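Just so you know, these numbers use all the heavy atoms, side chains as well, and skip hydrogens, waters and symmetry mates. Just so you know, these numbers come straight off a predicted model, no measurement behind them.
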Amino acid sequence: MPEWLQAGGWGLLAGFALVLGALVGYVVRMPQRLIASVMAFGAGVLMSAVSFELIDEAHERAGLVPTVVGAVSGAVLYTVCNVLLARRGARHRKRSGGRQSSEQEQEGSGTAIALGAVLDGVPESLVIGASLLGGGAVSTVTVAAVFISNVPEGLSSAAGMRRAGRSKAYVFGLWSGIAVVSGLSSLAGYALLGQAPAAVLAGIIALAGGAILTMIADTMIPEAFENAHLMTGLITLGGFLLAFAVSKAGG
């Protein structure tokens with residue numbers, strides 16, 4: 001199978017986890033504490049992937065300066081976009097409780113939530129495609145980490161969308177669209193970065209890592225802590241250590 005097709009397929013697979021999570025979150029009435037616990041676990045998995053698959057790889061490719069510049073740029077870019085979307089009604093897009101804005105409460109919030117979902121998913125998918133560059137195999141740890149973390153993201157957000165009165169067509173149309181965008185983003189990561197110098201590629205990988213880490217702190221951890229409280233740290237550590245073990249086993 002051509003590598004470009006593999007890149008798109010792996011990104012689509014990781015994005016499909018959002019649809020799977022959304023299905024569970026919309027159909028099944030799960031306790032808030034359980035949703036928060038799953039979110040904490042997913043946050044830990046992503047933190048591990050950022051540390052050992054993205055930031056570490058960027059440092060190995062080009063050293064400290066491109067890594068730091070890329071990570072800070074990703075964090076700043078994500079924060080600016082997130083602030084703009086929060087003002088339009090997407091602040092609580094990953095919340096499973098009754099905190100998401102309905103269209104009646106804030107016009108345009110549905111579009112803002114959709115754009116927020118794209119903002120959250122693109123950096124993850126970009127690095128999946130980039131991991132195939134150089135003729136190597138896709139980073140199974142990164143794919144697994146994104147897949148595992150996407151399930152609670154879709155679950156929590158869809159549960160909140162249901163409480164905000166959004167229709168099934170909106171919820172599943174949104175997450176199916178994001179899954180497709182994830183596949184295209186992964187394909188773009190492979191196609192656009194193939195000829196990039198090592199420092200540029202390292203900076204972009206670190207940029208994605210910085211954006212993902214900022215997303216975890218801004219959207220996933222608050223949802224987890226609000227309902228799981230003092231168990232959040234232990235559950236997050238469990239996810240972190242599982243992804244770390246998979247990373248070392250794969251290495």
Side-chain angles (χ1 to χ4, degrees), residues 5 7-27 35 38-39 42-43 45-46 49-50 74 77-78 81-82 84-86 88-96 100-103 108-131 138 142-164 166-192 207-209 211-216 218-220 223:
L5 190 58
W10 284 115
L12 184 63
L13 174 64
F16 176 74
L18 291 166
V19 182
L20 180 63
L23 178 63
V24 175
Y26 197 91
V27 174
I35 295 176
V38 175
M39 183 69 85
V45 169
L46 267 187
V50 169
L77 181 62
Y78 179 89
C81 293
N82 196 41
L84 294 175
L85 290 170
R88 298 292 297 173
R91 180 180 181 87
H92 301 298
R93 60 184 176 274
K94 283 190 171 65
R95 295 299 182 95
S96 58
Q100 286 192 31
S101 299
S102 66
E103 200 66 27
S109 60
T111 301
I113 289 172
L115 292 174
V118 172
L119 175 67
D120 297 338
V122 166
E124 302 168 345
S125 303
L126 190 68
V127 295
I128 290 175
S131 71
V138 69
T142 301
V143 174
V146 173
F147 188 95
I148 292 170
S149 65
N150 276 349
V151 171
E153 286 186 51
L155 189 156
S156 180
S157 185
M161 290 176 184
R162 185 192 67 229
R163 289 182 172 87
R166 301 194 186 279
S167 67
K168 289 182 181 179
Y170 173 86
V171 173
F172 294 110
L174 169 63
W175 292 118
S176 297
I178 299 304
V180 173
V181 170
S182 296
L184 294 175
S185 298
S186 183
L187 178 59
Y190 176 82
L192 299 179
L207 184 148
I212 293 169
L213 188 59
T214 306
M215 181 271 291
I216 294 169
D218 285 353
T219 65
M220 296 182 73
E223 166 66 14

Hits for side-chain hydrogen bond (donor to acceptor under 3.5 Å, both in side chains) against S185, two or more places apart or cross-chain, chain-then-number order -> none
Spatial distance of atom CG (L18) from atom CG (N150) [nearest 0.5 Å]:
4.0 Å
How close do P123 and A211 get, counting heavy atoms only, and between which atoms?
CG-CB, 4.0 Å
Closest approach of A179 and V19, non-hydrogen atoms and distance?
CB-CG2, 4.2 Å
Quick one, I128 and Y190 - any side-chain contact, counting heavy atoms below 4.5 Å?
no
With the side chain counted from C-beta on, respond yes when L174 and R166 share a heavy-atom pair under 4.5 Å apart, and no when they do not.
no
Note: G209 and V50 closest approach over all heavy atoms is O-CG1, 3.7 Å
N/O donor-acceptor pair under 3.5 Å between S186 side chain and A7 backbone:
yes
What are the two closest heavy atoms between V127 and A208, and how far apart are they?
CG1-CB, 3.3 Å
Close side-chain approach of E124 to L46, heavy-atom, < 4.5 Å
yes
How long is the straight-line distance from CG of L12 back to CG of L187, given to the nearest 0.5 Å?
11.0 Å
Between CG of L213 and CE of M220, what distance do you get to the nearest 0.5 Å?
11.5 Å
Going by the rule side-chain contact (heavy atoms from CB on, under 4.5 Å), which residues pair with L126 if we only count those two or more places apart in sequence or in a different chain?
I204
Atom CG of D120 and atom OG1 of T214: how far apart are they, to the nearest 0.5 Å?
11.0 Å
Kindly compute the distance separating OH (Y26) from OG (S167), expressed to the nearest 0.5 Å.
6.0 Å
From L20 atom CG to F147 atom CZ, the distance as rounded to the nearest 0.5 Å
6.0 Å
